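Worksheet for the structure shown next.
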Amino acid sequence: MKLSCLQENLDRGLNVVGRAVAVRTTLPITNNVLLATDKSRLKLSATNLEMAISCWIGAKVEEEGAITVPARLLSEFISSLPSEKVDINLSPQTKTLGLKCARFEARISGVDAKDFPPIPRVEGGIATKVEVEALRQAIGQVAFAAATEESRPVLTGVDAEFDGDTLTLAAADGFRLAVYKLPLAQAVSQKTEVIIPARTLAELNRLMADQEEAVEITVNPEKGQALFRLKDIELVSQLIQGSFPNYSQLIPKKFNTKAVISVADFLRATKTASIFARDGSGIVRLVVAPGGEMTPGKVTVSARSEEIGDDVGDIDAMVEGEEAKIAFNGKYLTDVLSVLHEAQVALETTNPSSPGVLKPVGSDNYIHVVMPMFVQW
Amino acid sequence: MARRIMHIDLDAFFVSVEQVADPSLKGKPVVVGGRPQGRGVVAAASYEARAFGLRSGMPLVTASRLCPQAIFIQGSFPKYRDASEKFMAILADFSPYLEPMGLDEAYLDATGFESLHGSIKQMALKIKQRVKKELGLNASIGIASGKVIAKVASEMSKPDGLLEVAAGKERAFLAPLPIARLPGIGQKTEPKLKSLGIDTIGKLSAMPPKALKSHFGASGEVLQRFASGIDDREVEPPAAAKSTSRETTFSQDTKDPAMLESTLRYLGERVGADLRQKGKRARCVTLKLRYGDFTTITRRRTLSQSTDSDQAIFETGQGLLKRALTGEKRAVRLIGIGVSELVEAGRQLDMMDGSAQRQEQLNKAIDRIRKKYGFTAIQTGRTLKLKDVFAGGGKGYSLNTPSLSR
């Protein structure tokens, strides 16, 4: 293998695949990055066996070849080089990768590319496209609600239902549920439901940050893996096996109290209260009071801690229905309020021990359900 | 103003409480701790028993050999806790600057209280009278300018004594005393000091600081300050409890997982009941194990949601236990479980799993039954195994040193 490429391209490529490099692993080669010539480009790949990322960068290839080298070492070395041309030369006998840039020269011992775990080919099942902006927003508003504990593996994933020209993403950790509907740029032929690890989607969101073209999504017929294809980047992810809870029955169909509030005001009041709730269980108490004929309704957001003190904040609200008292973990409220783009949100509640529902005003494609905390008032 | 610190210590506390409950025990050698053939230790011995050389912490077997005629009592912690609470309440009537040390002793800052009682000594006498009248117990009191001197003084005055060390006389008071009298000098430090020719507190105070530091490090400096009668430590009222735990020593070291798990379950239920009584929930569960060779380990896990449920505490502890014992060859001598990171009550409801709510109701119902009929009136299947191991009493299982098994 003999080629040359630009330091900045190689640096960017290594950054792209770096997040798929295994951290703690029993398979040492997954700490390595695979470098392989692919026609007139250099292909970089990394995998932690759950997720694999490949990235292609422009190169002047003189001799074909492939090798794997420790990812972190290579990445740190390349990022400290000046932005000039890098000459890469593999000595096949010693499996040593020689790198030359400006007046720096390095040799890195590698491991045979044949030992690198094969990245699964994903083809044959459904294939579709989604606009980058829509997908980024959907992932941003859904993925954080997935469980981080492994006690129920399906909940660590995001449920993705492809149906006609609609994609529905849903995540739940037992305490909250987020559901987002978005259009597919290319309809699917058959309805398909898969569970994508939330970590994969978080990574995909990062990779989409500087992309403009629609993302291609392919799921193989066995629903074992999914492929996300971006410009010069491919992400292949294992899918979580199992069945996702039937969440539509968890969304309350009616409410006793509905308050329409400014998202910014609600977020500020919740964050302020959370400071006082920090030492407790994060309990933030809401009292929703309907207005009179001449006065607006309001939502009172409060928190108290035996040892520290307490905090009370009032927000104007348009209230429909009866007075309501309900307590939530402040983090669950700030998590959802921080990702809403709309100016106003509607909070619907039934009673202190039934789920509260948050819906952004002016768009009907997102719904967020939060279970309350049972407290003494 | 010169500080006046009081150290109040109840004489032979556990034994005295037993003697108040059963006056026929008065004037006899009495040992609280458990059955003389058991593996427990002496938790307390009456002055009559001490005449035979019995001391707290001594194995019961040794105690029964030294004093075969001693009356051995199992003791019960709740009884002592009640007496202790009343004792502390009396002290709290005299000064809010109160620092309880264990069940039967406390420091009290009496600075400036002279005018209320005539003198600090008068105040101490009033405390002694009230303790005697209301609890039937003897208290010994030391008064001095600092905690450590006050403690030495109360110790010297026992039994039923009162000793005040005048301001400025601290050093002279301490100087002739043997070094073992000074708190902080224990079984390790004492022989070391003696080998250096230091046998009185006065000699310790006169020792060159450099030499002391080279032998005992930073703690040498503190010891010397104490020996010189200098102790500026404040009397600190206790902060709210930040954790709660229970532990017990097995009568025989064990590797039997069923035995370990049922004991863990029992201790976990005690911890859970404590938490619920306090109206708190915990975020962290800690397992403690001591092996036959006295190596002690602790393993902890932080929960994503706070809990006060017996089931969650036990299951977390059980997980930690399984991991700790994987590949472990040593038998277990002691097991304990505790919770920390206590937060105020308030349970996060789950949208898919209602079991937490059912458990909460179950625990509440069990708590009510136990409050009325005693802890063993109702037990979970997991702890049934213990019934054969520990002699069942009316008020709970008796562990090895029942008086120490809270």
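Because the structure is a prediction, the values reported are computed rather than measured.
- Within the 4.5 angstrom heavy-atom criterion, only backbone atoms of A:Arg304 (N, CA, C, O) approach chain B.
- Residues of residues 331-339 of chain A lying within less than 4.5 angstrom of chain B, judged on heavy atoms, are A:Tyr332 in numerical order.
- Ion pairing between B:Glu234 and B:Lys147 fails under the 4.0 Å rule for side-chain N and carboxylate O.
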May I have the list of side-chain donor-acceptor pairs in residues 366-377 of chain A shorter than 3.5 Å, sequence neighbours left out?
| from | atom 1 | to | atom 2 | distance (Å) |
| --- | --- | --- | --- | --- |
| A:Tyr366 | OH | A:Gln141 | O | 2.7 |
| A:Tyr366 | OH | A:His368 | ND1 | 3.0 |

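- Proximity of A:Glu50 to A:Pro197: side-chain heavy atoms (C-beta onward) are separated by under 4.5 Å at one or more points.
- Contact check for A:Leu155 versus A:Pro245: side-chain heavy atoms found under the 4.5 Å cut-off.
- B:Ile337 has its side chain within reach of B:Val285: a pair of non-hydrogen atoms, C-beta onward, lies under 4.5 Å apart.
- Contacts of A:Ile251 with chain B are absent, with no heavy-atom separation under 4.5 Å from either backbone or side chain.
- Residues B:Thr248 and B:Leu267 have side chains in contact (heavy-atom distance under 4.5 Å, counting atoms from C-beta outward).
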List, one per line, each side-chain donor-acceptor pair under 3.5 Å for residues 267-274 of chain A, sequence neighbours excluded.
| from | atom 1 | to | atom 2 | distance (Å) |
| --- | --- | --- | --- | --- |
| A:Thr270 | OG1 | A:Phe266 | O | 2.7 |
| A:Thr272 | OG1 | A:Arg268 | O | 2.6 |
| A:Ser274 | OG | A:Thr270 | O | 2.7 |

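- Here the closest non-hydrogen pair linking A:Gly356 and A:Thr349 is CA-CG2, 4.4 Å.
- Within residues 302-330 of chain B, the residues having any heavy atom closer than 4.5 Å to a heavy atom of chain A are B:Ser304, B:Gln305, B:Ser306, listed by residue number.
- Counting only N and O atoms by type, the side chains of A:Ser354 and A:Asn351 include a donor and acceptor under 3.5 Å apart.
- Using a 4.5 Å heavy-atom threshold, the side chains of A:Val301 and A:Val287 count as separate.
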